[in-house]
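Beneath this line is the structure, given in structure tokens, with notes to follow.
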Amino acid sequence: MTRIQELLFEFQDKKYADFQSNLTPTLSRERFIGVRTPKIRALAKKLAAVRKIAESPDNVSLVEEFMKDLPHFYFEENQLHAFLIAEEKDFSACLRELELFLPYIDNWATCDQLSPGVFKKEPEKLLPYIELWLDSSHIYTVRFGIGMLMRYFLDDRFELKYAEEVAAIPSDRDYYISMMIAWYFATALAKQYDAVLPFIKERRLDPWTHNKTIQKAVESDRIPPERKSYLKTLKRPSH
């Protein structure tokens, strides 16, 4: 057992591991230690602080070795890795670490919780990388790319071409890609209704993703009742 694994096992809750396993069906139960997210985030902050000030070369090398030791076995190791990346304050360094880690993400939770704060400052710099991520053969890299467009490019930075790019992704490749496409368009309907409504009216998404988008939009508190009523009329037959 590595030192990082020992640190994680100090917070083990087996019942919580069972719960997490049920939420993440793509991973086997043995991949879960059972550590709650706040504990992992706190550990990431502690390790990142030591790494930054280089207070202890041994601890710094421990973090560096962990970041290079891919793939990780435990779900919580992936979570810790994601949170360590998020602690990086230098945009270029953060992006380098992200690019190394993305191919090894193997579940939706790690993918969706990977959110580097430094990207908020200059999200435009992400656009060339998002283009590559959307075209990736790796499921969770694609999902991450969609998530970045949803997070940073649905408000003032929105352009119709971004929605076009998401709609062009083959959604039948994987459930977790289809779900993220639906999530993207449901959020877009809340923020850019007039611009993206044609994607629904013209049935530009596959039937499952189309209907899931409408379902998520109808469940949203950010869409007025009259628009929800209209969206319901656009549902497609299941078969």
Side-chain angles (χ1 to χ4, degrees), residues 22-26 37 102 105 107-117 119-239:
N22 289 332
L23 290 179
T24 320
T26 55
T37 298
L102 275 177
I105 295 178
N107 68 90
W108 69 268
T110 301
C111 178
D112 294 0
Q113 291 181 320
L114 175 51
S115 180
F119 290 169
K120 295 178 183 178
K121 298 178 181 178
E122 300 175 287
E124 293 83 0
K125 287 185 177 181
L126 288 176
L127 287 170
Y129 297 92
I130 290 174
E131 295 283 341
L132 296 174
W133 297 335
L134 296 183
D135 196 42
S136 173
S137 60
H138 181 243
I139 290 167
Y140 297 104
T141 298
V142 176
R143 184 177 171 104
F144 182 79
I146 300 170
M148 290 295 99
L149 283 179
M150 184 170 68
R151 184 181 299 272
Y152 297 118
F153 297 94
L154 275 182
D155 293 299
D156 295 343
R157 301 181 186 91
F158 174 76
E159 293 184 31
L160 190 60
K161 65 180 180 180
Y162 303 143
E164 298 271 2
E165 291 171 358
V166 175
I169 298 169
S171 59
D172 59 353
R173 282 177 50 196
D174 183 85
Y175 168 82
Y176 290 99
I177 290 178
S178 296
M179 281 295 294
M180 184 58 89
I181 293 173
W183 188 6
Y184 172 88
F185 276 101
T187 306
L189 285 168
K191 295 186 173 187
Q192 302 290 344
Y193 182 81
D194 292 332
V196 301
L197 182 61
F199 287 88
I200 307 304
K201 291 178 66 176
E202 297 167 9
R203 299 185 170 188
R204 296 182 56 185
L205 306 176
D206 70 86
W208 188 93
T209 308
H210 174 102
N211 287 338
K212 184 59 69 172
T213 296
I214 293 174
Q215 177 190 326
K216 285 180 170 292
V218 168
E219 292 171 352
S220 173
D221 293 332
R222 295 179 290 180
I223 296 179
E226 62 273 15
R227 288 182 174 178
K228 291 182 181 182
S229 296
Y230 176 63
L231 287 169
K232 289 178 183 179
T233 70
L234 300 178
K235 289 190 68 175
R236 297 169 66 175
S238 300
H239 301 290

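Below, all heavy atoms of this structure are taken into account, side chains as well, without hydrogens, waters or symmetry copies.
- Distance OH/Y193 to CZ/R222: 15.0 Å, rounded to 0.5 Å.
- Nearest heavy atom pair, residue R157 against residue Y162, reads O-CE1, 3.4 Å.
- Side-chain contact between Q192 and E159: absent, with no pair of heavy atoms (C-beta onward) separated by less than 4.5 Å.
- Taking a 6.0 Å sphere around NZ of K191, one finds it holds more than 12 heavy atoms contributed by other residues, nucleotides or ligands.
- In this structure, OH on Y176 lies 14.5 Å from CD1 on I146, to the nearest 0.5 angstrom.
- Side-chain N or O atoms of K235 include none that pairs as donor or acceptor with a backbone N or O of Q215 at under 3.5 Å.
- Distance check, rounded to the nearest 0.5 Å: CZ of R151 to CG of L126 gives 11.0 Å.
- In this structure, the side chain of N211 engages the main chain of R236 through a donor-acceptor pair within 3.5 Å.
- Rounding to the nearest 0.5 Å gives a distance of 13.5 Å between NZ of K212 and CG of L205.
- Atom CZ of residue F199 and atom CG of residue L189 lie 10.5 Å apart, to the nearest 0.5 angstrom.
- Legend: side-chain hydrogen bond (donor to acceptor under 3.5 Å, both in side chains) pairs involving residues 128-143, not counting sequence neighbours, sorted by first then second residue: E99-W133, D112-R143, H138-T141.
- Put simply, CD1 on I139 and OH on Y175 are 13.0 Å apart, with the number rounded to the nearest 0.5 Å.
- In this structure a side-chain-to-backbone donor-acceptor pair under 3.5 Å is present from W108 to L23.
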